[in-house]
Amino acid sequence: MTERPYIALKGVRKGYRLGEQAIPIFADLNLDIPRGDFVAIMGPSGSGKSTLLNMLAGVESADAGEVSIGGARLDLMGEAARSAWRAGNMGIVFQFYNLLPMLNAAENVELPLLLRPIPARERRARVERVLDLVGLAGRGKQYPGLMSGGQQQRVGIARAIATDPDLLLCDEPTGDLDRASADDVLDMLRLLNRELGKTIVMVTHDPRAASHAQRTLHLDKGHFIEERRAA
Ligand SMILES: Nc1ncnc2c1ncn2[C@@H]1O[C@H](COP(=O)(O)OP(=O)(O)O)[C@@H](O)[C@H]1O
Ligand SMILES: [Mg+2]
């Protein structure tokens, strides 16, 4: 029996309304991503990359069609169920890190764990473990404002993996970084994919960043074109 793909979009329709005006983004979007894949999504500005990521995150709902992740049908859930599902099953990495400036690195990473019934000791052990994993062992007391962009993004990644989700969604994770820090972050994502088996969907406009993925999909005029699959 063939296993259903980890992520499956079927016949997804999505648009926005601006007053009277309908803005269609996707009329019939289809996508299969197997578990453990590392996919880069490229496409011109306005092609719907963020909209797609937001639908996968369950932040936006599809107007029609099927959005299923790991067997869960996001399109059949209400908003509350989707956000509970999101908190338990995925980590999100943002272009501008989205760290809280009044919390130190460790406290930022701890945030998603506070939503769960995990004893404080275990929480702190997990924070240490993921900070260590992203090369920030011993830096937990530092505040984001005093860190470089690359270090802040490592904290962002540590926060995204704190709950040990199967899926990482990354929206331009290297968009605000210099080349060396970008390479660093991409190496880290690759490690999380290869060593820990995380499925990664990364939106990027940078072909160098995309080259770290196993597969690149180009989004244009509401459809995907597969560009490349690494050997
Ligand atoms: N909340 C919204 N309300 C109305 N239009 C939106 C909204 N979000 C995105 N759009 C429009 O949808 C299209 C796709 O946007 P987006 O997904 O952000 O594209 P990308 O990330 O590829 O640049 C754009 O034309 C954008 O203006
Ligand atoms: Mg975008």
Side-chain angles (χ1 to χ4, degrees), residues 3-7 31-42 53 56-57 69-72 85-95 97-99 105-106 108-113 116 118 122-140 147-175 177-204 206-217 228-231:
E3 202 193 332
R4 190 194 203 140
Y6 177 58
I7 296 177
L31 173 66
D32 281 355
I33 297 177
R35 192 181 282 278
D37 213 349
F38 182 176
V39 183
I41 311 264
M42 300 192 75
L53 228 52
L56 293 179
I69 303 182
W85 192 88
R86 176 167 62 246
N89 294 278
M90 67 180 68
I92 307 182
V93 179
F94 304 90
Q95 178 172 2
Y97 330 123
N98 288 18
L99 302 175
N108 268 282
V109 172
E110 191 178 15
L111 273 181
L113 298 172
R116 308 177 147 205
I118 304 172
E122 158 73 13
R123 255 187 354 245
R124 271 178 228 121
R126 277 216 211 183
V127 169
E128 285 301 308
R129 202 156 62 229
V130 290
L131 281 174
D132 191 22
L133 202 62
V134 300
L136 289 176
R139 306 287 191 92
M147 297 179 136
S148 70
Q151 288 173 328
Q152 290 184 63
Q153 193 57 299
R154 286 159 181 250
V155 177
I157 293 172
R159 179 187 53 192
I161 59 174
T163 60
D164 197 24
D166 289 338
L167 175 62
L168 287 182
L169 300 177
C170 312
D171 198 351
E172 299 279 5
T174 60
L177 299 178
D178 60 54
R179 189 160 160 161
S181 310
D183 282 346
D184 234 39
V185 159
L186 290 161
D187 285 343
M188 198 158 293
L189 291 177
R190 196 136 71 158
L191 181 100
L192 294 173
N193 171 249
R194 289 205 179 148
E195 305 294 323
L196 299 183
K198 306 290 182 203
T199 305
I200 301 182
V201 181
M202 171 178 75
V203 164
T204 181
D206 178 7
R208 260 178 71 81
S211 74
H212 286 251
Q214 287 159 1
R215 184 180 167 203
T216 300
L217 295 170
R228 184 186 58 81
R229 179 171 261 295

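These figures come from a predicted structure and were not determined experimentally.
Annotation: side chain of Met188 is in contact with side chain of Val134 (closest heavy-atom distance under 4.5 Å). Using a 4.5 Å heavy-atom threshold, the side chains of Ile41 and Leu53 count as separate. Between Ile7 and Leu167, some side-chain heavy-atom pair lies under the 4.5 Å cut-off. A heavy-atom distance below 4.5 Å is not found between the side chains of Phe38 and Lys198.
The backbone N or O of Ala57 sits less than 3.5 Å from a side-chain atom of Arg86, completing a donor-acceptor pair. In this structure, the side chain of Gln214 does not engage the main chain of Asp37 through any donor-acceptor pair within 3.5 Å. A donor-acceptor pair under 3.5 Å is formed between the side chain of Arg126 and the backbone N or O of Ala162. Side-chain atoms of Arg159 never come within 3.5 Å of backbone atoms of Asn108 as a donor-acceptor pair (strictly under, hydrogens ignored). With Gln153 contributing its side chain and Phe94 its backbone, the two residues share a donor-acceptor pair below 3.5 Å.
Partners of Asp183 according to the salt bridge (charged side-chain N to carboxylate O under 4.0 Å, His left out) rule, which considers only residues two or more places apart in sequence or in another chain, are Arg208.
Within 6.0 Å of the CZ atom in Arg124, the count of heavy atoms belonging to other residues, nucleotides or ligands does not exceed 12. Residue Arg194 qualifies as open at atom CZ: its count of foreign heavy atoms under 6.0 Å is 12 or below.
When every heavy atom of Met202 is checked against every heavy atom of Leu189, the shortest pair comes out as SD-CD1, 4.1 Å. Between Leu56 and Ile69, the shortest heavy-atom distance links the atoms O-CD1, 3.3 Å. When all heavy atoms of Leu177 and Gly149 are compared, the closest pair comes out as CD2-C, 3.4 Å. For the residue pair Arg215 and Ile33, the shortest heavy atom distance occurs at NH1-CA, 4.1 Å. Nearest heavy-atom pair across Tyr97 and Gln152 is CD1-OE1, 3.5 Å. Looking at every heavy atom in both residues, Gly70 comes nearest to Arg35 through CA-NH2, 4.4 Å.
To the nearest 0.5 Å, atoms OG1 (Thr163) and CE (Met90) are separated by 10.5 Å. Here the straight-line distance linking atom CG of Leu99 with atom CG of Leu111 works out to 9.5 Å at 0.5 Å rounding. With values rounded to the nearest 0.5 angstrom, Ile157 atom CD1 is found 12.0 Å from Leu131 atom CG. Rounded to the nearest 0.5 angstrom, Glu128 CD and Leu136 CG are separated by 11.0 Å. Rounding to the nearest 0.5 Å gives a distance of 11.0 Å between CG of Asp187 and CG of Leu192. Distance check, rounded to the nearest 0.5 Å: CG of Asp166 to CG of Leu196 gives 11.0 Å.
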Would you please test Val39 and Leu31 for side chain to side chain contact (heavy atoms under 4.5 Å, CB included) and show each step? CA-CA 11 Å; Val39 183; Leu31 173 66; 6.0 Å; no

Below 3.5 Å, can you tabulate the donor-acceptor pairs from side chains in residues 168-175 to any protein atom, sequence neighbours excluded?
from	atom 1	to	atom 2	distance (Å)
Asp171	OD2	Ser50	OG	3.1
Glu172	OE1	His205	N	3.4
Glu172	OE1	His205	ND1	3.0
Glu172	OE2	His205	N	3.3
Glu172	OE2	His205	ND1	3.0

